[in-house]
Each structure stands twice: as C-alpha cells, then as structure tokens.
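The chains referred to below are lettered A, B, ... by the order of the sequence lines, with proteins before strands, and numbering in each begins at 1.
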Protein chains: 2
Amino acid sequence: MDAIEAVESIQREMTAFARRARASAGRMHPELSLVSYTLLGHLEERDGCRATDLAAHYALDKSTVSRQVAALERAALVERRVDPDDHRVQVLHLTEAGREILAQVTESRRAAFQERLADWPEEDLVRFAGYLVRYNSPGTDRP
Amino acid sequence: MDAIEAVESIQREMTAFARRARASAGRMHPELSLVSYTLLGHLEERDGCRATDLAAHYALDKSTVSRQVAALERAALVERRVDPDDHRVQVLHLTEAGREILAQVTESRRAAFQERLADWPEEDLVRFAGYLVRYNSPGTDRP
DNA sequence: CACTTCAAGTTGTACTATACAACCAGAACT
DNA sequence: AGTTCTGGTTGTATAGTACAACTTGAAGTG
C-alpha cells in the first residue's frame, strides 16, 4: 500500500465509520442522542459554558443548539444560570441527573469500544489513538 | 498513554469525527449527500446491485434505500433494470451521469483528505489506514 | 443622553434522513 | 390452489438541522 492508496483507504474507512455512528449511537442509548451526548460532555469538560460557545465549537447553528439545550433542560439534565454581568447570557451547567446519565452512557460506550478493541495489542491501540488525535486536531471543520 | 486511555481516546476521536462528517460532506457537495455518495460508490464497485443489498450492507431500512434510490433515479444518476429472472427485483446501475458525478465528488473528497494528510509520513499513513480497516472490519454495526 | 449597532437566544418554517408499519406483487413451497 | 417468503413502495412520524425574522440586553457614537 502506498501513500495514495492509504489516503483513499482512510477516506473510505472514516466515512464508513461516520455513516454508522449516529444511528448506532441512537440505538444504543435512546435516551441520549450522539449530539446531546457530545454537548453534555462538553459541559462537563468545561464545567459550564454558553450556548453560543457550543454552536461555535461544533459548527452548529445557534437555533439548533437552542433546541437541543431546551430538550436537555426539559429532561432536567442541564440547567441555565443567567450571567449576572450580562443578562443576555445563560451559562449552562449539568445537573446531577445530567452528570449521572453522561457517566452511564460514557461507560457503556467505552465498554462497546473496548470490546471491539479487545484483541488489539496495546502498542497498536496507543498508536491508533495518536493518529486519530492528530487527524482531528488541525481542524475545526473539514471531514 | 496506556491501553485504557487509548481506548477512551479512540472513542472520543472517532465520535468527534463522526459528528462533523455528515455536515461537512453536505456542505462540500450539496449535490450528493454522504448517503447518496456511499450508495453510488457501492453501485460502482459492485457494478450494479439490488436495493435490498444496499439496505443490508449499510444497515439501512429498505424504505430509506427505496427513497434514496428514487431520488437518485429522479436525478438520473441511477437506472433500474428489472431482473428478467425475478420480476420483483430491480437491479440498480449507475448511469453515465452518475459515474461522472461520483468520480468528481470522489476526487474532491480525496483532495480534501490528502490536503489534511499532506505532512504525514507515508509509513504513518499506511499504518493508520490499516488500523481503520481493522477497526471497521469486524462489524456490521457497532460501535 | 438618544440612536445605532452588535450579540445571545428563541421561534417560525422547511428540508433531509431515517425508522416502522402496512401494503402490493411476484416467487417458492408445499 | 393456498400459504408463506421476499423485494420494493407508500404512509406516517421523528430527529436533527439550517436559515431567516424577531426580542432583548449591551456597547459604542453622535
């Protein structure tokens, strides 16, 4: 396999993966779509942030984020706190329930990945992870 | 980084990739969604196949495939030929236009990937491609 | 200060991809 | 001939998304 073939293969395989990910994520966790999961994860990681930040970070329209957040709030996984310094801003925080669901889904996803990767030598796992990080890192956007 | 960390990282990065792929694919090629692209690609590779095969291969509902194919036919990228041996079956084939569009989108996707991977040493590309194939191959479905 | 402009979010509307269920038509197997 | 299986379409519903119009608060400018 030369470089060109490798690039084509990477393209094909990443695409193949992406095609399935959302659907299977939905099937695995009907209570938390891939998007919701990602947003909750971001909130946990940042310990709260604004809707606008989520939109910018994930290249989503602000209306999309608004509705996602509304749903998460209805489900009591997220709460909004109006920023006292700027009353336009709502800082989003995980609720206790949100934190729990997130942990639970993360764990079950982790288990699924681990099962799939069970027979890989550690060396390969580490290298694969490194490649993925490197592949994703330049980018805000492109595929 | 140990194996556990690597698994978590792989999970995170694959998910991050999946989250963006469809949207950016759509933006790059408004004329051919990621799904349509994938289906056309499959038709080219197999030199024609049945709608049911597509559904099975991509874990899509047959109604979904039916509508996708209908759209592709409306766009004159695909044509149906009733199987003379079994009148229930329609064998799908790329049209000339379909072949052209597919080639064009493939090329532009390839260029985007290649740009992104431009500064990778060939050795890493080959290994990365290998990992992806290996990761995707067991599966019909997960993660 | 009054006026304009900017930024954060929400709501209305529309579209796409998708699934599930009900159905139809041809084939296969008693 | 009658039942069951298979390939495909259509009806209906849902999720996720974008874009445009609007509201409200903040910031800058005369």
Rounded interatomic separation in angstrom, taking [atom1] from [X] and [atom2] from [N]:
X       : N      : atom1 : atom2 : value
A/Gln90 : D/dA26 : CD    : P     : 13 Å
A/Asp86 : D/dG25 : CG    : P     : 11 Å
A/Leu34 : D/dA15 : CG    : C1'   : 13 Å
A/His87 : C/dA7  : NE2   : C1'   : 15 Å
B/Asp83 : C/dA27 : CG    : C1'   : 12 Å
B/Lys62 : D/dG11 : NZ    : P     : 16 Å
A/Leu72 : D/dG16 : CG    : P     : 10 Å
A/Glu73 : C/dT10 : CD    : C1'   : 13 Å

Between C/dC20, D/dG16, C/dA8, which nucleotide gets closest to the side-chain atoms of B/Asp61?
-> C/dC20
Ignoring the backbone of A/Leu60, work out which of D/dA18, D/dG7, C/dT18 is nearest its side chain.
-> D/dA18
Has the side chain of A/Thr38 got a donor or acceptor atom that lies under 3.5 Å from a matching backbone atom of A/Leu34?
-> yes
Sidechain-backbone polar pair: B/Thr106 side chain, B/Leu102 backbone, donor-acceptor under 3.5 Å | yes
If you compare every side-chain N and O of [X] against the phosphate oxygens of [N] (OP1, OP2), does one of them come in below 4.0 Å?
X       : N      : answer
B/Thr64 : C/dA17 : no
B/Ser63 : C/dT18 : no
B/Ser66 : D/dT9  : yes
A/Gln68 : D/dG16 : yes

Looking across every strand, which nucleic acid part, if any, lies under 4.0 Å from B/Thr52 by heavy atom: base, sugar-phosphate, or nothing?
-> sugar-phosphate
Answer whether the closest heavy-atom distance between the side chains of A/Glu73 and A/Gln90 falls below 4.5 Å.
->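 They are not in contact (no side-chain heavy atoms under 4.5 Å apart), so the answer is no.
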Would you kindly check whether a donor in the side chain of B/Arg80 faces an acceptor in the base of D/dG7, or vice versa, at under 3.5 angstrom?
->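 Looking at the base of D/dG7, it does not pair with any donor or acceptor on the side chain of B/Arg80 (distance under 3.5 Å).
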Parallel, tilted or perpendicular: ring planes of B/Trp120 versus B/Phe128, cut at 30 and 60 degrees = parallel
Could you tell me whether B/Glu107 atom CD has more than 12 heavy atoms of other residues or ligands within 6.0 Å of it?
-> yes
Closest to the 5' end of DNA chain D, once A/Arg88 and A/Arg67 are matched to their nearest nucleotides, is A/Arg67
